[in-house]
Amino acid sequence: MLKRTHSCGQLRLEDDGKKVTLNGWVHSYRDHGNLVFIDLRDRDGITQLVFDPQSQPDVHKQSRGLRCEWVIAASGAVRPRGEGLENPKIDTGKIEILIEKIEILNTAETPAFEIDGADKVSEELRLKHRYLDMRRPEMQNRLKIRHKVTKIVRDFFDSADFWEIETPFLGKSTPEGARDFLVPSRLCVGEFYALPQSPQLFKQVLMVGGVDKYFQIVRCFRDEDPRADRQAEFTQIDVEMSFVDMDDVIDVHQRMVAAVWEGILGKKVSLPMRRMSYKEAVDDYGVDRPDLRFDMKLKNISDLVGDCQFKVFTGTIEKGGIVKGLCAPGGAKYSRGDIEKALTNFAADYDAKGLAWFKVAKNEESGQVTLASSIAKFFSDEQKQQIIERFSANEGDLILMVADTEAVANKALAPLRVKLGKDLELYDEDAHEFVWIVDFPLFEWDEKAQRYDSLHHPFTAPVPEDVEKLETDPGNICSQAYDIVVNGSEIGGGSIRIHQPQMQAKVFDLLNISKQQAQDRFGFFLKALNYGAPPHGGIAFGLDRLVMILTGTDNIRDVIAFPKTQKGQCLLTDAPSPVEQAQLDELNLRTQTHH
RNA sequence: GGGGUCGUAGCUCAAUUGGUUAGAGCAUCGGACUGUCGAUCCGAAGGUUGAGGGUUCGAGUCCCUUCGGCCUCGCCA
């Protein structure tokens with residue numbers, strides 16, 4: 001075959017006169033009867049080929065048989081385009097190649113969709129024909145950025161003396177956490193491996209093994225329903241370090257994130273990144289992953305409205321609930337219908353039974369700013385002024401409130417805040433606001449199970465000053481966990497781990513995991529802790545989410561070459577699929593369906 | 001498991017209260033054309049309206065069932 005001398009995005013004016021060969025796909029085809037133009041495409045760009053019947057009648061004739069997405073090799077001389085014939089839309093737009101010879105490397109069926117217009121095509125079709133979808137520059141750019149991120153990450157950890165070490169995919173199932181993907185064992189009849197939800201225990205064992213600094217870019221598997229930003233199989237940048245405290249781990253990884261931002265976006269991230277306590281995040285933003293690109297903090301106004309005529313508020317507060325709200329700058333432009341339908345329905349998705357609202361308006365007579373709405377009459381003038389003050393509200397703002405338990409109020413207000421921030425364009429789309437969330441509680445009380453549950457995971461260490469509360473007050477222990485959040489998205493999280501077997505046993509005890517259960521599930525790990533485990537801690541980043549943010553997409557499937565649908569199916573390969581009876585027999589498995 | 005939304009030509013969409021033979025743009029195929037770059041012009045072909053059932057004189061449209069995509073609640077230590 002005619003082998004390429006250049007890529008399709010490479011040639012410029014200064015290559016004038018060079019004899020070159022390009023390989024690629026026929027991107028578009030323009031036949032003028034006389035001249036034929038072909039845009040040839042590869043991952044690097046597009047170059048215009050010209051076929052002239054005067055100079056090369058045979059090749060010109062051959063060119064008229066070409067079709068879109070055929071694969072060809074073409075040789076000829078680079079020449080500048082004439083005056084006014086340049087195409088500023090493509091990098092190679094100042095030149096073209098007068099073709100002297102072509103070779104058809106492959107023909108192609110008419111594609112199921114046009115490569116050029118695939119951004120308008122249903123995602124279902126794109127996934128079925130991923131190889132066509134992938135030919136689009138947008139998709140190629142995302143794959144390229146993903147590659148570059150992993151390259152930067154590997155270089156960063158290598159130069160910081162970390163070793164990349166692989167851990168098993170065929171592991172042991174544990175009932176904690178997400179649902180496991182199971183893999184039947186042929187050799188051990190009736191037994192199963194589980195695919196790892198993360199390499200958590202292995203990386204801790206590596207620390208016991210003296211590896212000291214480990215990282216891995218590793219696939220993890222959780223058999224839960226996907227979301228726009230979640231897939232059953234996803235990739236973590238997994239890290240663990242010995243002889244470190246929280247500040248050490250945070251320091252290394254904010255520098256890693258800065259290196260990625262610098263390398264991909266050319267942006268300097270100012271270090272150290274800001275930190276915020278879990279409590280502050282939940283109080284002010286309703287979630288542990290606040291979007292700090294805009295302010296609009298949530299405010300508790302229970303103390304202001306405990307004594308008013310509005311029964312919804314007083315009733316809620318009497319039952320131990322709260323009244324909490326936010327003030328949307330310029331939100332008064334929402335009509336009453338918008339508020340009572342769209343916004344209220346939105347909040348209802350998050351269990352809020354209703355949305356109380358005030359528009360902040362100027363009183364015509366007094367000239368004073370006051371609150372207007374159908375419930376305004378239930379509040380005294382003094383209360384209204386106090387509410388305005390609490391929210392620092394201005395004329396034209398909209399105050400929205402939820403009266404419910406604190407948990408429900410936060411659950412509804414947090415996404416409402418994010419939605420309003422976006423709708424009202426309160427932030428710069430290109431901004432990236434990082435924050436480390438720290439001071440997480442070690443446990444939260446699980447009302448249903450009537451026991452404590454780890455907020456992070458059961459291997460997270462308490463802060464040293466709270467260790468004695470393991471005996472006296474487990475609900476108020478602060479952990480050494482940390483999450484890194486950017487623009488309201490959690491991109492990584494980790495903790496300093498428990499490295500003393502006694503403390504680990506105590507935590508299992510509080511989690512209502514019996515000695516026998518702990519032994520069955522984590523026996524190997526507990527044993528390892530007995531053999532001189534160093535103090536250690538680590539973190540894991542979600543690579544997919546990182547790449548989503550860096551490429552500006554809100555669809556995780558856009559940053560995965562071969563993603564799965566919401567039912568966990570691969571539309572390209574049709575996995576999962578039934579298997580031969582012989583395969584089941586070999587595994588001693590029988591399938592049954594029950595409803 | 002729940003809620004929402006979508007499914008009509010290869011693709012993106014349209015089709016009045018249920019009413020004649022389901023249309024358009026792009027793509028495809030054929031022809032024309034001296035520089036285009038979303039080429040242009042002329043012509044042709046292209047449909048199990050996701051599937052199944054029902055109501056009706058008549059269903060893309062209404063009802064039931066079902067399949068699939070997406071968003072979301074639950075779930076995701």
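Excluded from the calculations below are hydrogen atoms, water molecules and symmetry mates; all remaining heavy atoms, backbone and side chain alike, are included. Naming convention: chains lettered A, B, ... in sequence-line order (proteins, then strands); numbering from 1 in each chain.
- Side-chain N/O atoms of Arg230(A) and base N/O atoms of C76(B) include a donor-acceptor pair closer than 3.5 Å.
- Separating the OH atom in Tyr278(A) from the SG atom in Cys478(A) is a distance of 11.5 Å, to the nearest 0.5 Å.
- In this structure, Arg126(A) reaches neither bases nor backbone, as no heavy-atom distance under 4.0 Å exists between it and the strands shown.
- Using a 4.0 Å cut-off, no side-chain N or O of Lys120(A) falls inside it from OP1 or OP2 of C11(B).
- Counting any heavy atom pair closer than 4.0 Å across all strands shown, Asn555(A) reaches no nucleic acid atom.
- Distances were taken from every side-chain heavy atom of Gln566(A) (C-beta onward) to each of U28(B), C70(B), C37(B); the shortest belongs to C70(B).
- For Asp349(A) and G4(B), a side-chain-to-base donor-acceptor distance below 3.5 Å is absent, hydrogens and geometry of angles not being considered.
- Both geometric conditions, a ring-centre gap below 5.5 Å and a plane tilt below 30°, are fulfilled for His32(A) over the base of A39(B).
- Distance alone, capped at 3.5 Å, places no donor-acceptor pair between the Arg67(A) side chain and the Ala108(A) backbone.
- Remark: Arg557(A) is in phosphate contact with C71(B), judged by side-chain N or O atoms under 4.0 Å from OP1 or OP2.
- Counting non-hydrogen atoms under 4.0 angstrom, Arg451(A) reaches nothing in the nucleic acid.
- Residue contacts for Leu125(A): at a heavy-atom cut-off of 4.0 Å it reaches the sugar-phosphate backbone alone, with no base atom in range.
- Contact annotation: side chain of Arg79(A) to base of G35(B), donor-acceptor pair present below 3.5 Å.
- Side-chain atoms of Arg81(A) and base atoms of C37(B) include a donor and an acceptor less than 3.5 Å apart.
- Remark: Lys419(A) is positioned above the aromatic ring of Phe346(A), its terminal NZ or CZ atom under 6.0 angstrom from the ring centre and at most 45 degrees off the axis.
- The side chain of Ser122(A) places an N or O atom within less than 4.0 Å of a non-bridging phosphate oxygen (OP1 or OP2) of U12(B).
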